[in-house]
Amino acid sequence: MTTLFDPDSPPTNQASAVPIILDSSGQLLGDDASLLDGLNPQQRIAVEYRGPALLIIAGAGSGKTSVLTRRVASLIDSREAWPSQILAITFTNKAAAEMRERVQALLGQGANGMWISTFHSSCVRILRREAEKAGLGANFSIYDSSDTRVTLKRIIKGLDADSLGFTPANASAKISKLKNELADADSYARNANMSDPQEVMFVEIFRQYTRRLRDASALDFDDLIGETVYLFRAFPDVAARYRRQFRHILVDEYQDTNHAQYSLIRELTRPVTAALAEDMEAQGLHVRNLQDATGAIPGASLTVVGDSDQSIYAFRGADIRNISEFERDFPGAKVVLLEQNYRSTQNILSAANAVISHNFDRKDKKLWSADGPGEKIVGYTAYSGHDEAQFVADEIEALHATGTAYRDMAVFYRTNAQTRALEEILVRAAVPYRVVGGTKFYERAEIKDALAYLIAVANPADELALRRILNTPKRGIGPTTETALLSFAEANEISYRQAMRDATALGLGPKVTGSILQFASLLDEAALKLDPENPAGVANVSEVLTFVLEQSGLLTGLRNSRDPQDEARAENIEEFIAQTKDFNRENPDGGLVDFLTQVSLVAAADDLDDESGTVSLMTLHTAKGLEYDAVFLTGVEEGLLPHQMSAGEPGGPAEERRLFYVGITRAKKRLYLSLAMTRAQFGDVNVAMPSRYLQEIPAELIEWKQSPGMANSRGGTQPRALNARRDGYGGGFNARGGGNRTDIPPGLPPAPKPKTEWANRITAQVRDNGDLTLEAGDRIRHVDFGDGRVNQVTGEGTKRIAHVQFDTSGAKKLLIKVAPIEKI
DNA sequence: TGAGCATCTGTTTTT
DNA sequence: CAGATGCTCA
């Protein structure tokens, strides 16, 4: 596509070898001065140091993004590198976009040609470009974890492997782990104990999985990295081209890289032999000014940034040794330590330091701030998850009232399941919020269906996509027909798609045969629209989408359905159409494959919208790299943080502690730690204990609004009476030992349980006060807060909000439509 | 073929 | 509790 390199007079290669501060012309100093503005001495070194390898140990909030962007800007500004010679790897696409923006702002000019992206995006870009050598079509599909699961499920079923204890989940975890170590089925088989039937079976599963993906011309997330490494290893000339191109490689969040990613970086930073350099020169790829005395091209200069205290992705294969042994890996590497924190108050940092110091086996590092102690950390022990949520909602409102914008607040939790209680209460309390990640837009069934149509058009070999939409919308092709097609394809060694075109030969009923043929030609017709030879011109993404939706009747089917949920699904699809139009506008040259790539690689944190005036809810993992004025860290309980599942794993509790540490250090001014004494899980209510990590925070840093002790003491204050109802577990918490959730407080009738009472449904759908109108002066009764007086009503239509002064529970905001209230 | 109902099972974090 | 699976019946 584009040239890999600015052909005219590439700058010198000296950058990677000679530590310079000043260019001979002296120009650097002048321009760089502004780039160094406001940096502390360590940060300056991190920006200015030049050499083959630099490790920046950047504590939380130590301004590493700023350092990284200035470093990139200074490389370009000083003409040590063209933008196209820089490869910067970030953790999320959002971080990449932000970095690009900031570099551009610093340079005041286009920094086009820089590769700033995630590992995965960079690899896709390389693999699509080199598809032929990699043995793939340039239109290869990218399988996400659910695609992997579906594929494995079929394999396991076919092999009857579930009897040996295999599930899609555990098989995919194991395969992923191996791929992160750059192992494949064959290399694994060589070392496996093949007298163990389970091992034999696993090898077979792995083999079939690999085969299916290859047949479908698909790669999973792990393959994207691994295949790129294999590509470089198998084709030294290809590797040489990229080594020649990327003279400066920067990797953020290095502590979370796994072995495959590490290997990729190693491949990219190797020198190019004199012979290969000459080959390139002969092909017109200029190398003269990159060569050293021997004619070789020295390895690219590598900068990595990380903090081993924030390593939280071991479960994904992240190897903390990549960073802890960096100096051994890259002898002569310069190490810079950034410890001064510009984000949080000292109280927050002291808590963070205290917690993390309980991890042994780490280099001691103490974050400090020049900004003073700040507010104390607020602790709260709730009676239940709902009570905790109510505390969060109340505090959010209080902060909002005193001037903190909603967008500057965030609520963190360990597991996605915890959002339920939080959402329910936040909706009722009319707090504008947004769940970051979680069930993502693209994971919705109807969107996956629409996507599968696009994938089937782009990559005819992708059997998975094809089978997903074979009978969506219903066209009378059931499982029987599906398998018939499958065995027909296998018997004749043709693709599934081709089998569909040849459906007449299957001898099925005329009706079914007709639908198959019609479906097949629908897809073929759509594919024709993308053919560059097509005289009508190549269709863009939204045109293709509109075409398949219309022809298949997917959207109209949903619109005409009488299932009320289908209305929302239709809206989602319309939203999806709108997104493809946006994509067309923003990427006039972008084709269908580009769109699908983008969709496959969006991360949870990517869709964070800074402009939105809403509170952000997210997992602790998603929170990495972000910061907020006020942070609510919820569910600080044994079993949740640290999570039960981590207990058995080596290094588990230490990693959970780092997770807690990451959460704490996101907070700039205020930090709230909350826990619940009982938590509803899987329909059960369990008694929870305060997290061990709480005790690691010096007591004087926390001000408990309700301490674990207070909440335990019998008849303790109950400032939030949420536990009063809800099928009984309210008064029952005193009965320790757990499990007795059916305790009915004496005096209450044996709960006839009205059907709308089932709590954990998004309230907006269950409870509906309809046309209930309230005005100032009305008295109301609330299920949890008791009686109160309406002071004011604001908002319109379904978003009307009552501001209520309760007799015993204080002032609250309530979303009238969904709040559990009645007029009295 | 597919809709509707009963049972069972899993229960972390994510590119 | 939610999602998946398996069963029966139209």
Side-chain angles (χ1 to χ4, degrees), chain A residues 89-96 117-124 142-146 148-150 153 157 162 167-170 172-173 176 179-180 219-225 253 256-258 260-261 311-318 385 412-418 420-421 436-440 443 445 471 473-482 508-509 511-512 515 563 597 599-606 618-624 635 639-649 652 655-656 658-660 662-663 679-686 758-762:
Chain A
I89 305 278
T90 57
F91 201 66
T92 62
N93 293 301
K94 178 168 181 277
S117 63
T118 62
F119 270 107
H120 295 271
S121 303
S122 311
C123 287
V124 171
I142 300 169
Y143 276 12
D144 66 13
S145 12
S146 88
T148 294
R149 268 209 317 279
V150 173
K153 195 168 165 186
K157 199 164 184 188
D162 47 346
T167 63
N170 65 27
S172 107
S176 172
K179 285 188 176 180
N180 286 330
L219 298 178
D220 64 23
F221 282 133
D222 302 316
D223 288 333
L224 295 178
I225 316 287
E253 308 285 8
D256 283 324
T257 51
N258 60 35
Q261 293 165 333
S311 162
I312 53 173
Y313 281 101
F315 72 93
R316 207 167 79 183
F412 300 158
Y413 37 83
R414 176 67 232 269
T415 68
N416 284 306
Q418 289 168 254
R420 254 179 260 288
V436 182
T439 309
K440 282 167 260 168
E443 282 169 16
N471 201 28
K474 304 264 180 285
R475 44 172 81 86
I477 310 178
T480 325
T481 316
E482 193 181 338
L508 295 159
K511 215 167 138 194
V512 185
S515 341
D563 182 342
T597 303
V599 168
S600 303
L601 298 180
V602 288
D606 289 343
M618 68 189 85
T619 65
L620 285 165
H621 283 88
T622 306
K624 190 173 74 159
L640 213 46
L641 190 68
H643 196 277
Q644 226 139 26
M645 289 290 151
S646 72
E649 284 155 36
E655 174 143 325
E656 298 283 305
R658 289 193 293 269
L659 202 48
F660 187 46
V662 165
R679 196 168 285 277
Q681 258 181 134
F682 330 122
D684 256 344
V685 176
N686 299 317
W758 270 120
N760 281 343
R761 195 150 276 252
I762 297 307

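Here the structure is a predicted model, which means the values were calculated and not measured. Letters go in sequence order (proteins before strands), and every chain restarts at 1.
Shortest non-hydrogen contact noted between A:R149 and A:P168 is O-CB, 3.7 Å. Here the closest non-hydrogen pair linking A:S311 and A:R658 is O-NE, 2.6 Å. Contact detail for A:K624 and A:V662: the closest heavy-atom pair is CA-CG1, 4.1 Å.
As a whole-Å value, the separation of A:L601 CG from B:dT15 P is 10 Å. Straight-line distance from the CD1 atom of A:I477 to the P atom of B:dT1: 10 Å, rounded to whole Å. As rounded to whole Å, 14 Å separates atom C1' of B:dT12 from atom CZ of A:R679. Taking atom NZ of A:K179 as the reference point, atom C1' of B:dT14 lies 16 Å away to the nearest angstrom. For A:F315 and B:dT13, the CZ to C1' distance is 4 Å, given to the nearest whole Å. Regarding A:K153, its NZ atom lies at a distance of 7 Å from the P atom of C:dA4, rounded to whole Å. If you take CD of A:E655 and P of B:dT12, they are 15 Å apart, rounded to a whole angstrom. Between A:K474 atom NZ and B:dG4 atom P the separation is 11 Å, expressed in whole Å.
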Just the table, please: protein N/O against nucleotides 6-10 of chain C N/O, every pair under 3.5 Å.
none

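Rounded to whole Å, the separation between the C1' atoms of B:dT12 and C:dT5 comes to 24 Å.
Ring orientation note: the planes of A:Y313 and A:F91 are tilted relative to one another, at an angle of 30° to 60°.
A close approach under 4.0 Å does occur between a side-chain nitrogen or oxygen of A:T619 and OP1 or OP2 of B:dT14. Taking side-chain N and O atoms only, A:T622 has a distance below 4.0 Å to OP1 or OP2 of B:dT14. For the pair A:N416 and B:dT13, the criterion of a side-chain N or O lying under 4.0 Å from OP1 or OP2 is met. A sub-4.0 Å separation between OP1 or OP2 of B:dT15 and a side-chain N or O of A:N258 is absent.
Projected onto DNA chain B by closest heavy-atom contact, A:N471 and A:L659 fall at different nucleotides, the more 5' of which corresponds to A:N471. Toward the 5' end of DNA chain B, the nearer of the two residues A:S646 and A:D222, judged by each one's closest nucleotide, is A:S646.
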With side-chain contact (heavy atoms from CB on, under 4.5 Å) as the test, would you mind laying out the steps for A:H120 and A:I225 before giving the verdict? CA-CA 7 Å; A:H120 295 271; A:I225 316 287; 4.0 Å; yes
Go through the steps for A:F315 and A:H621 under the test side-chain contact (heavy atoms from CB on, under 4.5 Å), then give the verdict. CA-CA 12 Å; A:F315 72 93; A:H621 283 88; 3.7 Å; yes
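When each of B:dT15, C:dA2, B:dT14 is scored by its nearest atom to the side-chain atoms of A:R420, the top-ranked nucleotide is C:dA2. When the nucleotides B:dT14, B:dT12, B:dT15 are ranked by their closest atom to the side chain of A:T415, B:dT12 comes out on top.
Residue A:F119 is classed as having no contact, given no heavy-atom separation below 4.0 Å to the nucleic acid. A:T481 comes within 4.0 angstrom of sugar-phosphate atoms only, judged by non-hydrogen atoms across all strands, and of no base.
Summarising the geometry, atom CG belonging to A:N180 is positioned 4.5 Å from atom CG belonging to A:D222; distances are rounded to the nearest 0.5 Å.
Other residues, nucleotides and ligands contribute over 12 non-hydrogen atoms within 6.0 Å of the CD atom of A:E482.
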